[in-house]
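Have a look at the structure below, then the notes.
In this text, all values refer to a predicted model and were calculated from it rather than measured experimentally. Counting convention: from 1, in listed order, for ligands and their atoms alike.
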Amino acid sequence: MSKWRKAAEEVPSVRKEEMEKMTAYMDTLTKPQGSLGRLEELAVKLAGIQGKPDVSRPAVLVFAGDHGVTAEGVSLYGKEVTQLMVHNFVQGGAAINVLAEEIGASVTVTDVGVAGDTLFGSVDAKVKQGTGNIAREAAMTTGEASLAIDAGIEASERAIAQGANLIIPGEMGIGNTTATSALLAAWTGASPEEVTGSGTGVTGEQLQLKQEVIGMALERASWESTLEAFAEIGGLEIAAMSGAMIEAAKNRTPVLIDGFIASIAAMGAVRLAPFTADYFIFGHLSAEAGHKLALETLKAEPLLELKMRLGEGTGAAAAYPLVSMAAAIADRMATFADLGIKQ
Ligand SMILES: Cc1cc2ncn([C@H]3O[C@H](COP(=O)(O)O)[C@@H](O)[C@H]3O)c2cc1C
Ligand SMILES: O=C(O)c1cccnc1
């Protein structure tokens, strides 16, 4: 059996009693009740996941893969940029490297399907040399989709074994907003127009072409299971992110969700393992059209809205300090009793 199927079955439900305890504890702290707003909600959420909130060792897991659909001209950039960016991640020069350093997070890059050799310094979990062109053929087989999800499972497993207590899944894959939009349409029934955004910055006729390509993929593909949808539409790195999320939840580890692509991976994870939903904290609202619909579908309320639209895990990294503050409040604030005040 694939690793992810077993992990999906083992995701525990969060502990409601710990959440109730934390809710009551928040009211004993030296502040008007509820006055720390969403920070209090985060503390309660973390308590349900972890018992005692502790997110002191965040790990960013970047998954990289290529997309055959780039042949249709759906991105401003060429496919070769995926590999160049993997090189950049390994060298420490990408936006996520800088933000991760600022928040004290480790960064691991996993090559799930970049066209070309696997670069030194990245984890070799290459399933294939990029996906098929989804406008005309399946992205991959269901067996390959399973392997991609398992690559994510293994990345989280390793990070958690090394001490990570919060996971930030990130991605790199030129063309992946096309696959992501198509998955969103597949899973919500929304039209290509509603789910398609500019990605790296496509506008005008190119944006229209991107919508048409997504429409072609949806017409061509048929699927029943979530695994089949991943196989038909892709991508390798998106499926891997879903796996990373499931394994984190299995280990009672919170997952800080990035933007549009990570949110669709989250949707995939919930479809494969419904209990994972309670382990997600949504970092930000991406400027990418379609993210709003994705968050509404997930009933998710993002922490930040910074007009970011990069991916890699950057929006989640930007939101991390808030999650860390929530854990710190639960850990270090004085109670009214500490001050000798009766409540
Ligand atoms: C230099 C560079 C760095 C990036 N880092 C993330 N993305 C983001 O843009 C890509 C998706 O947009 P599209 O579907 O339009 O290709 C993904 O790789 C995503 O992670 C990047 C894109 C570029 C060009
Ligand atoms: O929000 C995202 O994840 C995103 C948006 C545009 C391009 N790449 C990623």
Shortest protein heavy-atom distance from atom 6 (C) of ligand 2, along with the residue and atom involved: Arg309 O, 3.3 Å
Looking only at protein heavy atoms, what sits closest to atom 21 (C) of ligand 1 is Met172 CE, 3.7 Å
Under a 4.0 Å N-O cut-off, is there an ion pair linking Arg220 with Glu232? yes
Do any N/O atoms on Glu288 end up under 3.5 angstrom from N/O atoms on ligand 2? no
Is a donor from one side chain sitting under 3.5 angstrom from an acceptor on the other, for Thr178 and His67? no
Asn133 and Glu72 side chains, donor-acceptor separation under 3.5 Å: yes
With heavy atoms under 4.0 Å as the rule, classify the contact between Glu171 and ligand 1 as side chain, backbone, both or neither. both
Which residue and atom name correspond to the protein heavy atom nearest atom 18 (O) of ligand 1, and how close is it? Gly173 N, 2.8 Å
Using a 4.0 Å heavy-atom cut-off, say whether Thr177 meets ligand 2 through its side chain, its backbone, both or neither. side chain
Can you list the atoms of ligand 1 that are under 4.0 Å from a heavy atom of Gly199? 15 (O)
Under a plain distance cut-off of 3.5 Å, with no hydrogens placed, do Asp111 and Ser122 share a side-chain donor-acceptor pair? no
Have Ser75 and Thr200 got a donor and an acceptor in their side chains that come within less than 3.5 Å? yes
If you measure every N/O of Leu310 against every N/O of ligand 2, is any gap under 3.5 Å? yes
Got the closest protein heavy atom to atom 23 (C) of ligand 1, with its distance? Ile174 CD1, 4.1 Å
of all protein heavy atoms, closest to atom 5 (N) of ligand 1 is Glu312 OE2, 2.5 Å
Does His291 reach ligand 2, in the sense of a heavy atom lying below 4.0 Å from it? no
Regarding Thr177 and Lys210, do their side chains bring together a donor and an acceptor under 3.5 Å, going by distance alone? yes
Return the orientation label for the His291 and His284 ring planes: parallel under 30°, perpendicular over 60°, tilted otherwise. tilted
Set out, in order, the CA-CA distance, both residues' side-chain angles and the distance that settles side chain to side chain donor-acceptor pair (under 3.5 Å) for Glu194 and Ser191, then state yes or no. CA-CA 5 Å; Glu194 289 169 287; Ser191 67; 3.0 Å; yes
Show me which atoms of ligand 2 lie under 4.0 Å from any heavy atom of Ile261. 3 (O), 4 (C), 8 (N), 9 (C)
State whether Glu288 and Arg309 are salt-bridged, where the test is any N-O pair (Lys NZ or Arg NE/NH1/NH2 against Asp/Glu carboxylate O) under 4.0 Å. no
Atoms of ligand 1 under 4.0 Å from any heavy atom of Asn176, numbered from 1 in the order shown, are 10 (C), 11 (C), 14 (O), 17 (C), 19 (C)
Taking 4.0 angstrom as the limit and counting only heavy atoms of Gly259, give me the atoms of ligand 2 inside it, by number and element. 1 (O), 3 (O)
Expected list for residues 149-159: side-chain donor-acceptor pairs under 3.5 angstrom, two or more places apart:
unit_1	atom_1	unit_2	atom_2	d
Asp150	OD1	Lys3	N	3.3
Asp150	OD1	Trp4	N	2.8
Asp150	OD2	Lys3	N	3.1
Ser156	OG	Ala244	O	2.7
Glu157	OE1	Lys3	NZ	2.9

Answer side chain, backbone, both or neither: which part of Leu84 comes under 4.0 Å from ligand 1, heavy atoms only. neither
Could you tell me if Gln129 and Asp66 have a donor-acceptor pair between their side chains, going purely by distance under 3.5 Å? no
Checking a contact table here: which protein heavy atom is nearest atom 2 (C) of ligand 2, and how many Å away? Phe260 N, 3.3 Å
Option nearest atom 1 (C) of ligand 1 (shortest heavy-atom distance, choices Met85, Lys210, His67): Met85
protein heavy-atom neighbour closest to atom 7 (N) of ligand 1 works out as Leu310 O, 3.3 Å
Atom 14 (O) of ligand 1 has as its nearest protein heavy atom Thr177 OG1, 2.5 Å
Please check this pair: side chain of Ser181 against backbone of Val195, looking for a donor-acceptor N/O pair closer than 3.5 Å. yes
One finds that the ligand 1 atoms under 4.0 Å from a non-hydrogen atom of Tyr77 are 24 (C)
If only side-chain N and O atoms count, and only distance matters, is there a donor-acceptor pair under 3.5 Å linking Glu247 with Asn251? yes
For atom 1 (O) of ligand 2, grab the closest protein heavy atom and report residue, atom and distance to one decimal in Å. Ser286 OG, 2.7 Å
protein heavy-atom neighbour closest to atom 12 (O) of ligand 1 works out as Thr200 CG2, 3.3 Å
